[in-house]
Amino acid sequence: DAGVTQSPTHLIKTRGQQVTLRCSPKSGHDTVSWYQQALGQGPQFIFQYYEEEERQRGNFPDRFSGHQFPNYSSELNVNALLLGDSALYLCASSLFRLDRRMNTEAFFGQGTRLTVV
Amino acid sequence: LAKTTQPISMDSYEGQEVNITCSHNNIATNDYITWYQQFPSQGPRFIIQGYKTKVTNEVASLFIPADRKSSTLSLPRVSLSDTAVYYCLVERRGSGGGADGLTFGKGTHLIIQP
C-alpha cells in the first residue's frame, strides 16, 4: 500500500503565478482534505472533498480551489500566488463510513513544499 | 470545536516515560480526542484516539478523566526517534456529515536527549 502520495515534492513559483498540486489517497479511501502548514505552525485546514464535491472549507480565500476525480485523487489549485502562500501543503485521506456517518482516521502525505519568490 | 492547550515544548531522556497533557475545557459530547505526531518535513501521523478512560495501543496510551476536560498522552520508554511535534486535537464525530476538517494548534515540541 503506497499510502497517500503527493506531487511534486518541491516547487518554486513566482508571485502572481498559478500552481496545481496533486494528491493520490490511500487505497480504499474516498475523502481527501488539504492543509497548509507555515513554518513553525500547525497545519491549517483548507478544504475537504468527498464524492467529487467540496464538502467543507476552512478560512481560505477563493484563490484556493480544488477538484476531486472519480478515482478519488485530488488537485489543489492556487491562483495569483502571494509570498505568504509559501508553505508545506499537505493532503490527507480518509474513508467516510456511511454506516456510522463519520470518517476514519486521516492519513497524511509527505507534503509539497511550495516556495513563492 | 473545543480549543486545545498544550505545552509548547518538553524535554526528556531516552528510556523515560513522557506524559504530555492537553486541556480542552469546552469539549462536547460528540467530540473525540486525537493525537498526531509530526517529524520535520513530513505529514502528521495518527498516534491514538479516545473518548473516555484509557486507550492503549502499541505506540502510546491515552488517559482521559471522567470530565473529559483534559487528556494525557503517555509515551513509554522514549528513544531519540521520538523527538517530534505532538498535536492534541478535538474531533467532532457522528455529526452526520463526516468528520470536520482537523484543527491543529502549534503542538508540543518534544526533545529527547541521550
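Below, chain A is the first sequence line, B the second, and so on; all start at residue 1.
- Between the side chain of A:Tyr35 and the backbone N or O of B:Leu102, at least one donor-acceptor pair lies under 3.5 Å.
- The interface of residues 83-95 of chain A with chain B, defined by heavy-atom distances below 4.5 Å, comprises A:Leu88, A:Leu90.
- Note on B:Tyr32 and B:Phe63: separate hydrophobic clusters, where clusters join Ile, Leu, Val, Met, Phe, Trp and Tyr whose side-chain heavy atoms are under 4.5 Å apart, directly or indirectly.
- Hydrophobic clustering (ILVMFWY, side-chain heavy atoms < 4.5 Å, transitive): A:Leu82 and A:Val116 are in distinct clusters.
- Within the model, atoms CD of B:Gln42 and CZ of A:Phe108 stand 13.0 Å from one another, a figure rounded to the nearest 0.5 Å.
- Linking ILVMFWY residues whenever their side-chain heavy atoms come closer than 4.5 Å, directly or via other members, places B:Ile48 and B:Ile27 in the same cluster.
- Taking each heavy atom of A:Pro43 and B:Phe104 in turn, the nearest pair found is O-CB, 3.3 Å.
- Within residues 57-68 of chain A, no residue approaches chain B closer than 4.5 Å by heavy atoms.
- For CD of B:Gln113, the number of neighbouring non-hydrogen atoms (other residues, nucleotides, ligands) closer than 6.0 Å is greater than 12.
- Linking Ile, Leu, Val, Met, Phe, Trp and Tyr whenever their side-chain heavy atoms come within less than 4.5 Å puts B:Tyr86 and B:Val90 in one cluster.
- One hydrophobic cluster, built from ILVMFWY side chains closer than 4.5 Å, cannot hold both A:Tyr50 and A:Val32; they sit in different ones.
- Residues of residues 15-24 of chain A never come closer than 4.5 Å to chain B when only heavy atoms are counted.
- Heavy atoms of other residues, nucleotides or ligands lying less than 6.0 angstrom from OH of B:Tyr13 number 12 at most.
- The side-chain contact (heavy atoms from CB on, under 4.5 Å) check on A:Ala38 picks up A:Gln41, with sequence neighbours excluded.
- Across B:Ser41, B:Pro44, B:Gly107, the residue that shares the most heavy-atom pairs under 4.5 angstrom with chain A is B:Pro44.
- A:Gln37 touches chain B through its side chain: at least one heavy atom from C-beta onward sits under 4.5 Å away, while N, CA, C and O do not.
- Distance CD/A:Glu105 to OH/B:Tyr36: 6.5 Å, rounded to 0.5 Å.
- The environment of A:Ile12 atom CD1 is sparse: at most 12 non-hydrogen atoms of other residues, nucleotides or ligands sit within 6.0 angstrom.
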